[in-house]
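Heads up: the structure comes next, in structure tokens.
Proteins come first, then strands; the chains are lettered A, B, ... in the order of their sequence lines, and each starts at number 1.
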There are 2 protein chains.
Amino acid sequence: MRIYVDAFGGDNAPLSNIQGAADAVKAYGHTVVLCGDEQKIRACAAENDVSLNGIEILHTEDVLTMDDEPKSILKEHKNSSMGIGLQAVAAGEGDAFVTAGSSGAILMGATFLVKRLAGISRPAFASVVPSDSKPFLLLDMGANAECRPEMLLQFARMGHLYMSQVVNKGAETTVGLLNIGTEAHKGGAVQQEAYQLLKESGLPFIGNVEARQVPYGAADVIVTDGFSGNIMLKTMEGMASMLLKNIKGLFMSNLLTKLAGAVVKPYLGDFKKKMSSDEHGGAPILGVRKTVIKAHGNANRVAIMNAIRVAAESAEADIPAQIGKLVAKAEVAE
Amino acid sequence: MRIYVDAFGGDNAPLSNIQGAADAVKAYGHTVVLCGDEQKIRACAAENDVSLNGIEILHTEDVLTMDDEPKSILKEHKNSSMGIGLQAVAAGEGDAFVTAGSSGAILMGATFLVKRLAGISRPAFASVVPSDSKPFLLLDMGANAECRPEMLLQFARMGHLYMSQVVNKGAETTVGLLNIGTEAHKGGAVQQEAYQLLKESGLPFIGNVEARQVPYGAADVIVTDGFSGNIMLKTMEGMASMLLKNIKGLFMSNLLTKLAGAVVKPYLGDFKKKMSSDEHGGAPILGVRKTVIKAHGNANRVAIMNAIRVAAESAEADIPAQIGKLVAKAEVAE
């Protein structure tokens with residue numbers, strides 16, 4: 001696989017992006033094309049002793065920053081490290097694109113440079129989220145603040161396909177509708193109609209899922225509108241960060257508690273790994289013609305490496321084409 | 001103050017309710033009227049050595065359970081322990097009502113037995129939620145899945161009044177709008193319009209608040225529709241429960257980690273207290289003619305005692321009448 005990576009997107013760019021790319025080349029044998037200023041990339045790699053074997057560079061000097069308007073990717077920053085990578089992949093020069101840059105810009109770029117699949121009204125921003133049992137796919141997580149019931153059904157189809165093939169590798173993959181109660185009549189008109197559509201969809205729909213159960217892993221795919229999806233995801237992040245800050249603080253009370261902390265620390269590893277989004281490869285934009293993956297803004301080298309791995313797996317499974325077929329079939333059926 | 005308490009609502013009824021009532025009588029000198037089966041109340045009190053001094057009993061045998069339809073409080077279960085208490089308070093026999101029973105039923109009962117204030121289209125279910133800094137008021141948290149922008153403005157006015165007078169006792173009380181970004185144009189049409197209304201409302205509006213900041217205490221009053229409010233609240237609960245379960249598990253790894261746990265345990269107290277909703281007195285239903293407080297379904301005696309304290313404080317400050325005036329004034333102005 002040939003994966004294009006935005007070398008200048010994210011808080012830890014370009015170093016983490018270059019390191020993650022080098023790790024992915026070594027681990028999976030993919031070709032990675034780093035997009036961005038060649039001189040800076042080479043200097044950064046040399047300085048940090050990162051081998052660029054198996055890595056190509058698509059040169060551009062421009063960078064789209066977090067302060068830039070998302071739509072600038074279509075004009076002023078069309079040739080930014082994000083923009084040229086997307087265009088190259090759209091033109092068939094690569095199999096997938098990965099960035100840790102601006103969410104708004106990558107969504108805009110994926111939609112209008114890579115372009116939507118026929119029958120997709122709005123692409124969905126999905127996120128693989130860690131839970132107590134196993135990671136689940138949450139979508140939409142912010143691209144579409146308001147959603148019609150048919151959009152939620154489409155999200156469910158796309159999310160189920162992605163999750164079952166790329167993350168669960170064929171294992172059973174359930175779909176739940178995020179709601180404020182489990183009964184079919186709960187929520188607003190959108191949820192009530194979406195419930196009925198999902199029930200009749202042929203998907204392995206387990207019904208409404210309450211937010212309290214989601215961190216335990218209530219379903220493999222959780223479908224909701226972009227407003228509440230974003231609220232849920234950010235609340236999970238905020239609670240985890242706030243609680244861990246307080247618990248760390250407890251261990252700092254005195255020498256004895258610090259000692260207790262030292263005793264427990266080695267056991268934290270597995271838990272941290274389970275709860276870390278670094279392992280899960282980031283957020284796919286579903287409903288566009290190529291695989292586009294957004295890594296977390298503060299992605300480290302591990303997160304970038306895993307985003308490249310997942311991007312390649314999605315491209316290998318030809319997820320975009322499969323989604324295209326699925327949507328076309330559903331349109332005929334409904 | 002004369003506070004009516006549903007003796008048979010909640011997972012720990014009637015014992016915790018009777019104990020909490022007795023504690024409140026002792027601590028604050030209020031009269032508490034326990035609603036429910038007199039014989040059972042007296043037997044439970046005697047068995048557990050709880051004094052019923054200062055406590056009256058309003059007898060009824062019927063109980064509305066979690067399996068009953070919310071609307072049954074208006075018909076079959078109008079004379080349940082929840083129903084007769086609400087009616088007594090509505091008739092002016094008491095100052096406030098407290099229950100730990102069904103949320104749907106108490107909302108229905110407050111709306112149609114106690115009745116809405118003039119100018120209130122939909123009462124709001126508000127909740128005092130612990131955060132890293134200080135508790136904040138979240139509303140709506142599930143009564144109104146879909147909201148118009150004017151409803152969110154009304155929620156903000158009611159919530160600000162309640163929070164500033166009952167919880168913050170006159171201290172500065174900020175209002176934030178829950179949204180998926182801080183800029184004024186973020187969110188859907190409802191959020192965009194609500195933002196403008198709040199900006200021009202004269203309230204101490206600090207703008208949009210992202211979910212990630214809420215657990216840290218981003219604003220004193222967080223306004224949102226009942227769907228996302230419920231999602232946020234339940235996600236906070238679920239994350240806290242899931243993370244603490246895992247951390248407890250870490251301490252159980254072996255003898256040494258158990259020892260470390262024993263060292264840290266005494267320091268957990270303050271943190272647990274800060275994060276416990278037991279201290280904050282539960283969830284007021286705002287926009288009805290009397291103070292109605294819903295305690296958590298699993299409320300213990302401390303939570304019930306604090307719910308009674310807060311109910312009396314709200315009644316003393318005459319929050320319902322003040323909300324009535326505020327809404328009438330706002331209607332003239334807008």
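- With a 4.5 angstrom heavy-atom cutoff, A:L233 does not touch chain B via any of its atoms.
- Across all non-hydrogen atoms, the minimal contact from B:P215 to A:G238 is CG-C, 3.7 Å.
- Shown here for A:A145 and B:I180, the closest heavy-atom pair between the two residues is CB-CD1, 4.3 Å.
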### Task
Take B:L244 and A:I247, measure what side chain to side chain contact (heavy atoms under 4.5 Å, CB included) needs, and give me the verdict at the end.
CA-CA 10 Å; B:L244 294 178; A:I247 285 163; 4.1 Å; yes

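- Residue B:L259 does not touch chain A at all, counting heavy-atom pairs closer than 4.5 Å.
- Note that CG of A:L250 is 5.5 Å distant from CG of B:L268, once rounded to the nearest 0.5 Å.
- Annotation: the span from B:I231 atom CD1 to A:I231 atom CD1 amounts to 10.0 Å, rounded to 0.5 Å.
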Anything under 3.5 Å between chain A and chain B that's a donor-acceptor pair? List each one with its distance, please.
{"unit_1": "A:D132", "atom_1": "OD1", "unit_2": "B:N246", "atom_2": "ND2", "d": "2.7"}
{"unit_1": "A:D132", "atom_1": "OD2", "unit_2": "B:K245", "atom_2": "NZ", "d": "2.5"}
{"unit_1": "A:E146", "atom_1": "OE2", "unit_2": "B:A189", "atom_2": "N", "d": "2.8"}
{"unit_1": "A:A189", "atom_1": "N", "unit_2": "B:E146", "atom_2": "OE2", "d": "2.8"}
{"unit_1": "A:R212", "atom_1": "NE", "unit_2": "B:E237", "atom_2": "OE1", "d": "3.3"}
{"unit_1": "A:Y216", "atom_1": "OH", "unit_2": "B:S241", "atom_2": "O", "d": "3.4"}
{"unit_1": "A:Y216", "atom_1": "OH", "unit_2": "B:S241", "atom_2": "OG", "d": "2.2"}
{"unit_1": "A:Y216", "atom_1": "OH", "unit_2": "B:M242", "atom_2": "N", "d": "3.2"}
{"unit_1": "A:E237", "atom_1": "OE1", "unit_2": "B:R212", "atom_2": "NE", "d": "3.3"}
{"unit_1": "A:S241", "atom_1": "O", "unit_2": "B:Y216", "atom_2": "OH", "d": "3.4"}
{"unit_1": "A:S241", "atom_1": "OG", "unit_2": "B:Y216", "atom_2": "OH", "d": "2.2"}
{"unit_1": "A:M242", "atom_1": "N", "unit_2": "B:Y216", "atom_2": "OH", "d": "3.2"}
{"unit_1": "A:K245", "atom_1": "NZ", "unit_2": "B:D132", "atom_2": "OD2", "d": "2.5"}
{"unit_1": "A:N246", "atom_1": "OD1", "unit_2": "B:K274", "atom_2": "NZ", "d": "3.0"}
{"unit_1": "A:N246", "atom_1": "ND2", "unit_2": "B:D132", "atom_2": "OD1", "d": "2.7"}
{"unit_1": "A:N254", "atom_1": "ND2", "unit_2": "B:Y267", "atom_2": "OH", "d": "2.5"}
{"unit_1": "A:Y267", "atom_1": "OH", "unit_2": "B:N254", "atom_2": "ND2", "d": "2.5"}
{"unit_1": "A:K274", "atom_1": "NZ", "unit_2": "B:N246", "atom_2": "OD1", "d": "3.0"}

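- With a threshold of 4.5 angstrom between heavy atoms, B:A189 approaches chain A through its backbone and through its side chain.
- When the candidates B:G181, B:G188, B:A211, B:A260 are compared by the number of heavy-atom contacts under 4.5 Å with chain A, B:A211 comes out ahead.
- Between chain A and the options B:P266, B:G261, B:A240, heavy-atom pairs under 4.5 Å are most frequent for B:A240.
- For chain B, the nearby parts of A:F227 are the backbone and the side chain; heavy atoms of each come within less than 4.5 Å.
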